[in-house]
Engineer: 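Here it is, the structure in full.
Reminder, nothing fancy here: chain letters follow the sequence lines and each chain counts from 1.
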Amino acid sequence: MRAYPKGLLTVAVLLLAVVLCGGVMAAENVKVGIVLPLTGAQAKFGEIEKRSFEMAAEEINAAGGIKGSKLELLFEDDTGKPDVGRAATEKLISRDKVTVLTGGYSSAVTQAATAVAQQFKVPFLVTTGSADEITEKGYDYIFRINPTSSEYFDPFETLIQKAGGIKTMALLYENTQFGQSSAKDVEGAAKSAGIQVVVKEGYQAGAIDFKPILSKVKGAKPDIIYMVSYVMDAALLMAQCKELDINPKMFAGGGAGFTLPEFQQKAAAAADLVYSATLWSEDVPYKGAKEYFNKFKKKYNSETEYHGAEAYGSMYVVADALKRAKSFSPNDIRDALAATDMMTAFGPVKFISYGKKTQQNKLPNTFVVQWQKGKMETVWPEAFAKKKYIFPTPAWKDRK
Amino acid sequence: MAYFKVEKLVKYFGGLAAVNGVSFEVQKGEIFGIIGPNGCGKTTTFNMISGVFPPTSGKVIYQGKEIQGMKSHKICHLGVGRTFQVVKPLGRMSVLDNVTAAAFSRVNTIREAREVAEKTIDFCGLAPVADVLAKALPIAGRKRLEITRAMATRPDLLLLDETAAGLNPTELLEAIELIRKIRGNGTTVIIIEHIMHLIMTLSDRIHAINFGQSVAEGTPKEVAANPQVIEAYLGKDYA
Amino acid sequence: MKKTPVAAIVAVAALALLPLVLADNYFLHLLILFLIWVIIGSSWNIMAGYTGQVSFGHAAFFGTGAYTAGLFVMHGGFSAWWGMAFGGVAAMLLGLPFGAICFPLRGAYFALASLALNLILMHLATIAERFTGGMQGIMIMPTFVSKVPYYYITLGMAVATLVVVQSIIRSKWGYYFVSIREDQDAAESLGIDTNRYKNVSLAVSAFFTGTAGALYMNYMGFIDPHVVFSLHDYSVMAILVAIVGGVGTIYGPAVGAFIMVGLQELFRSGFFGLFKYLGDRTGSETFTQAMEVVQHAHVLVFGILVVVVILFLPNGIVGDWGKIRKSVFRSKPAA
Amino acid sequence: MGILLQTIVAGLLKGGLYALIGIGMTLIMGVMGIINLAHGQMMMVAMYIAYVLNTMGVDPYFSLLVAMPTLFLLGVLIQKYLLNPLIKVDTILPENQVLMTVGIGMVLTEVIRFIFKSDYKYVTTSYSSATFFLGGISFNVPLTIAFFIALAFTAAMFWFLIKTDLGRSIRATAQDKDAATLMGINTGRITVVTMGLGAALVAAAGCLLAPVYYIFPDLGGPFTAKAFVITILGGLGSTVGAILGGITLGMAESLGATYLGMEYEDIVGLAIFVAVLLFLPGGFKRLTKV
C-alpha cells in the first residue's frame, strides 16, 4: 500500500462543491417532475413522451397556466434502469421539491419510482408503465392513465367472436415484463373464450432466427398467431412466417411493436393484413386526438403514437387536478386527482377501483388496427372502424 | 532403505519420450549431481519429482514413501524444496515478502513467518536487499532468491535446477559456498548443473543422463572418466 | 505493508457524521450507491487484483445475493433482511463448485467461464418465472422511509468489507493470494495449494458481493434478472471501479467507486443541473442542447476513461498516484 | 420430420454466418492470445456502414467492398495505438489488453449511438426475405448466400495462412511468439495485420447479416459473446475449427429452440461452451488437428 493520496480528498471536496452549487432554481412555478428514459434502448419512446409533455405544458401555460403560476417541467432520465429511476425520483422529490410526479415508461422503472413516491407521499400519475401490479398495491398516491397490459387483448375477444372459426392459438412473447405478463393474461383470456393455446413460447428479444419456433407453430396449425413483440422482433417474426409459408386465419400483435411505422417498413409485404391491439390511434373518436397528432407532426416533424398521446393526456390531467386542488399540498392534489373526470386526447380519464386495482383509469374502448396496403387502419370495434377488417387472412401464395 | 530414489521414471509428451527410464538413489546428507546435455530430460525429471506433472510410469520414493503424482504443494510440505531453472520471482513482492510467503508452509502466524524469513535471508546472504522488489533484482539476486525461498520452506531435500547459470566467477564462488553451507545444515541436495567446474567440485556423486536414459553414475572422477559420458556430453568440452 | 493510514480513519469518521450535517436524501442515495460499489469493487479486487483471477461475471454473485433476499419475501413472506444473513452464503455456495470446476482452467478461460456463468444465471432467472417471478421481478416496500438507516447499514458493511479485506491481505492468506497472482508454479513449489486458495479468495469475494446484492434488494425494493445480473451494470462496472481506482490496492476500489458513481450521476444529471441552470439564466438553447449531449455521453466517458486509464495509469489512480503527483503537482514540493 | 429438417437447415444457415463472425475472433485469439471483447461492436460498426451506404442506394453485398477495408483500418489503428503499447506496460492484471477491448467496445457503441441515436435501422433490399423451397424446406436466400460466402472466406483464409509468406508468419507467431521474433518475423506488425484481418472478416459478417437482421448500437455485445463461444468450441486460431464451431453453435441453438423452447436458445449455447471448456479443452482443434 502506498501513501494515501491526499490530493484525492481535495478533488472530492471540489466535486462536492460543484454538486452543492447546482440546482439553484427560480421560484413561483408549479414544478412537475417527470421520470422518463431519455437515454438507453427505450429512449425513442421517452423522447416522444417528453415532447408531448412539453407541447401540452406550453399550451396550458399559454392559456394562463395554473391559478396564475406556470407549469415547470423537470425531466429526469431513468436510462431504463429501475435503480436509476428510483434515484431520479428521489432527487425530484427531495431536492427539486416537485409538487406532483408523472411519466414512467417501463414497468420495472415505474414500479421502483412509484414506491418512492408512495413513501414520500407525493402524488404520481403513471403515464405508461403497464404492469398490472403497479395499481394493485393499494398505493393511495399512485394513479395510472394507461390501461393495464391485461386489457390489451380485450378488443380481440369480441373481434374473434364476431369473425368466428378460431379455435386454436399460438402465443409467442418476448421475455420481458410486458411480454411475460401479457402472455399470462392472454392465455387466461383465450381459455375462457374457449380457444385452445397449442403453442406458448417465450423468446429472448433480439433473436436472428425464429424459424425453429415458427416451424413448430406451423406444425401445430393454429387459427391465430398472437405475438407480444417489440418492433424489430415483430418484423422478423412476420417476415419469417411468410418465408415458412405459415397460414393461420389471423396474425395478431399485442401492442408495442406492431403499430410502429418501422414494423411495416422492415417487414414490408409480410406486414400486410397483420392485426394489432392498440390503445390509441389518431383516428380515435376523442376530441383533440387528431389535433394532437397533427400538431406534434408539425412542431417536431416526426411521427407520434399512443405513448405520446398518453403523455399529452397525462399533462392535461395533472393540470386539471392542480387547477381544482384546494392547495398545492400533496393531499389536496391527491384528492383532486382522485376526483378527475375529464376528456383528453388520449380518451376519457376517471380513476376507479376494480378487481385488485385502485385509482386506475379504464378506457371504454381499446382498438384493433390492421395493416392494409401499407396503411394502418382502425378496424374494431365496429363503431369506430375506418375500414372493414379482412378475415380470414388469405394464404401467402394467394396474395397479390 | 534409501533416503530418496527414483525408479525407471518415464515421461511422454505426446508421442515423444522426454525421460525414458531414469533411476538413481540419493543418500541422506549428500550432494548429488545430475548432468547431461541440453534436452536430455534433467528438468523434466525434477518436474516429476516435485509434482509439476506426474510421470507416465515409474516411481519416486522419498523416505520410504511413494510420492510420484502428488501435487507440488503436498510434496513441498513433505520436505522437498526446489528452485526453477527459469527463475520465477514473485515480482511485485519484496524479497522479504517472497521468503515470508514461503515460510508460511511451516508456520502460521505472520510474526513467526517473518522471523523464519529474516533468518533464512540472513543465512543466504540476501539481507542487504530484503526490501527490494523481486523483479528489480539482478539475475544473481534472483537465482539466490530462488534458493532462499526454497530454504524458507525448511526442506529436507533440496532440488537445485541450474542455480549457477549466468553467474560471474565471484558469484559462482559465493553460490558454491552457499550450497555447501546448506548441506552443512543437514539438507540433502540434488543439483542439476551445466557448469562442470561447479558440479565436479560440489558433488559427492554424479548421475549422467542422455536421451532421457541413465548412462552412468559414480564419483565425479569416475563419471568424468566414463567413456560414454565423455562421448555423449563432455566430449565437446573436454575432448 | 503499512498500518491503516490516518486519512482512512478520518474519512470513515467524516462519512459517519455526514447525515447529521447533510440530511439530503438525494446525496445520501448517491453515497449509499458509492458505498455499495466500495463493497463490490473491493470484493472483485480481492479475487482479481490480489489473487490474479479475473472475473468477468461478478454480477452472478451480486444477483444471487439479491435474489436470495427477494426469494425470502416471495416464497413464504419472510423479511428481505434475511437475505443479509444468507445472500452472501448463497453466493459463496454458487462460487465454490464453480471455482472447483473452473480454476484448473488458467488465464482467460476462467474469465470467460465466469462470463458464461453470469449469462446463464440471467437467462435462468428470466425463464424460471414461477420461482423468480421472471422479468416481472420482485418488488418489496422498503423498510425505512428515511435513508439514514440504510446509509449506516451500508457504511457499516463497506467498512467491514474493507477491514476484512485488509486483514486478509496482511495475513497468511494475503501472502498466498499475491504469490498465486505473481507466479502460480512458484507458489505451488512453496507449498501453496493454489486451487484451494483461489477458491478461498473466490469465496470471500462472492460472499461480500452477494451480501451487497442482498443489501441492494432491501434498499432498492425492486429487482429483476436484467437489473441484478446485468453484465454491463455490474460485471463490467465492478472491473471498471477496480481498475480506475487501482487493482491490488486496498483503497483503490473505494476511490474508483467514488469516481465512477460521481461521474455517472454528473453526466446523467447534466452536471448536476448546471447546464439547465445556465440555460434558464441565459435563455439560450445552446445549453439545453449541450445538456442533452452530456446526458447521452456518460457511457462514452466511461469507455474513454477505461482506455485512458489502461494506457496511462495501468495501476489505477491509487496504484499510480506517485506518477500522477509527479506530473500534476510537479512544481510543488513533495507532500 | 419436416420440423426437424427445417430446424437443421435453419441452424446450418445461421451457423455459416456465426462461423464468419468466429473466424476473425479465432485469428486474433490465436495470434495475440487475447479475447477481443469489442469483436461484435466492430461488426456493428460495419453494419452501420452498410446502412449508410444503403441509404445512398448501395446494395449490402457491394458495401462489403467499403466496410471490409474500413474495418481493416480500424483494426490496424486499434492494435497499433491501443493494444500493442500495453505489451510494454507492467501491470498487475495480465488481462489488461482484454480490459482495453472492453473500453474500446464501449467507445465504439457510444460513438455510434451519438451519431445514429438508439433507433433501430434496417437495410432494405428486395431479397431480404426471399426464399426458395427444397422439398418443403424453406431456404432464406440472403442467409444461403451468406453461408456460401462464409465458406469461401474460410477457404480463402485457409489458403492464405498455408500458402502465403504473410500467412506463414501469422501462423508462426500464433504458435510461438518468441521463436517467431527470433526467426526475424516482425511480430508487432503481424499482430497489427491480424487484428485488421479479424476486423475485416467480422465486417464481412456484418454486411451479410444486415439484409436479414436490423441494426442498433447495442447489437455488438451478444455477438461478441457468440464469437467467443465459437472460438472456444473450435479451438484458438483454427479456421476450420471456427467453421465447425459456428455451425455447431447455430445447430445447437436451433435444435434447442425447437425441442427445449426458444427461451433456452442462449442457454444451450452457453452450456455447450462450458461443456467444451470442461471436457474438450482446446476445442475441435484437438480432433481435427488443424
Engineer: If I measure from the heavy atoms of chain A, does Leu219(D) come under 4.5 Å with its side chain, its backbone, both, or neither?
Structural biologist: neither
Engineer: Indicate yes or no: at least one non-hydrogen side-chain atom of Gln6(D) is less than 4.5 angstrom from one of Leu244(A).
Structural biologist: yes
Engineer: Heavy-atom cut-off 4.5 Å, strictly under: side chain, backbone, both or neither for Tyr230(A) against chain D?
Structural biologist: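 Side chain only.
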Engineer: Just wondering, are more than 12 heavy atoms of other shown residues or ligands nearer than 6.0 Å to CZ in Phe62(D)?
Structural biologist: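 Atom CZ in Phe62(D) is not crowded, with 12 or fewer foreign heavy atoms closer than 6.0 Å.
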Engineer: Would you say the side chains of Asp266(D) and Gln204(A) form a donor-acceptor pair under 3.5 Å?
Structural biologist: no
Engineer: Counting only non-hydrogen atoms closer than 4.5 Å, does Glu201(A) touch chain D with its backbone (N, CA, C, O), its side chain (CB onward), both, or neither?
Structural biologist: side chain
Engineer: Can you check whether Tyr203(A)'s main-chain N or O pairs, donor with acceptor, with Glu263(D)'s side chain at less than 3.5 Å?
Structural biologist: no
Engineer: Quick check on Thr258(D) against chain A: is it the side chain, the backbone, both or neither that has a heavy atom closer than 4.5 Å?
Structural biologist: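 Both parts, heavy atoms under 4.5 Å.
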Engineer: Which atoms form the tightest heavy-atom contact between Ala257(D) and Pro212(A), and what is the distance?
Structural biologist: CB-CB, 3.7 Å
Engineer: Under 3.5 Å, side chain of Lys266(A) to main-chain N/O of Tyr213(D), donor-acceptor pair present?
Structural biologist: yes
Engineer: Using every non-hydrogen atom in the two residues, find where Tyr120(D) and Met232(A) come nearest and quote the distance to one decimal.
Structural biologist: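 Here Tyr120(D) and Met232(A) meet closest at CG-CG, 3.5 Å.
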Engineer: Any side-chain heavy atom of Tyr18(D) sitting closer than 4.5 Å to one from Ile208(A)?
Structural biologist: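 Counting from C-beta outward, Tyr18(D) and Ile208(A) do come under 4.5 Å.
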Engineer: Should we say atom NZ of Lys117(D) is surrounded by more than 12 heavy atoms from elsewhere, each under 6.0 Å from it?
Structural biologist: no
Engineer: Quick one: what part of Leu143(D) sits under 4.5 Å from any heavy atom of chain A, side chain, backbone, both or neither?
Structural biologist: side chain
Engineer: If you count heavy-atom pairs under 4.5 Å with chain A, which of Asp218(D), Asn140(D), Asp119(D) comes out on top?
Structural biologist: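 Top count of heavy-atom pairs under 4.5 Å with chain A: Asn140(D).
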Engineer: Shortest non-hydrogen contact from Asp209(A) to Glu265(D)?
Structural biologist: O-OE2, 4.2 Å
Engineer: Side chain from CB out, backbone as N, CA, C, O: work out which of these in Tyr264(D) comes under 4.5 Å of a heavy atom of chain A, or both, or neither.
Structural biologist: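 Neither; nothing under 4.5 Å.
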Engineer: Quick check: closest heavy atoms across Ala10(D) and Lys211(A), and the distance to 0.1 Å?
Structural biologist: CB-CB, 4.0 Å
Engineer: For the residue pair Asp245(A) and Ser138(D), establish whether any side-chain heavy-atom pair is separated by less than 4.5 Å.
Structural biologist: no
Engineer: Which atoms of Leu236(A) are under 4.5 Å from chain D, going by heavy atoms: the side chain, the backbone, both sets, or neither?
Structural biologist: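 Only the side chain of Leu236(A) comes within 4.5 Å of chain D.
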Engineer: Can you say whether Val231(A) sits under 4.5 Å from chain D via the side chain, the backbone, both, or neither, judging by heavy atoms?
Structural biologist: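 Contact with chain D: side chain only.
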Engineer: Most heavy-atom pairs under 4.5 angstrom with chain A, which of Phe133(D), Tyr214(D), Phe132(D)?
Structural biologist: Tyr214(D)
Engineer: For Glu174(A), is it the side chain, the backbone, both, or neither that has a heavy atom closer than 4.5 Å to a heavy atom of chain D?
Structural biologist: neither
Engineer: Rounded at 0.5 Å granularity, tell me how far CG in Leu214(A) sits from OG1 in Thr7(D).
Structural biologist: 10.5 Å
Engineer: Might you point out which heavy atoms bring Met262(D) and Ala207(A) nearest each other, and give the distance in Å?
Structural biologist: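 Shortest heavy-atom separation between Met262(D) and Ala207(A) comes out as CE-CB, 3.7 Å.
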Engineer: Which one wins on heavy-atom pair count under 4.5 Å against chain D: Gly219(A), Gly206(A), Ala239(A)?
Structural biologist: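 Between Gly219(A), Gly206(A), Ala239(A), the count favours Gly206(A).
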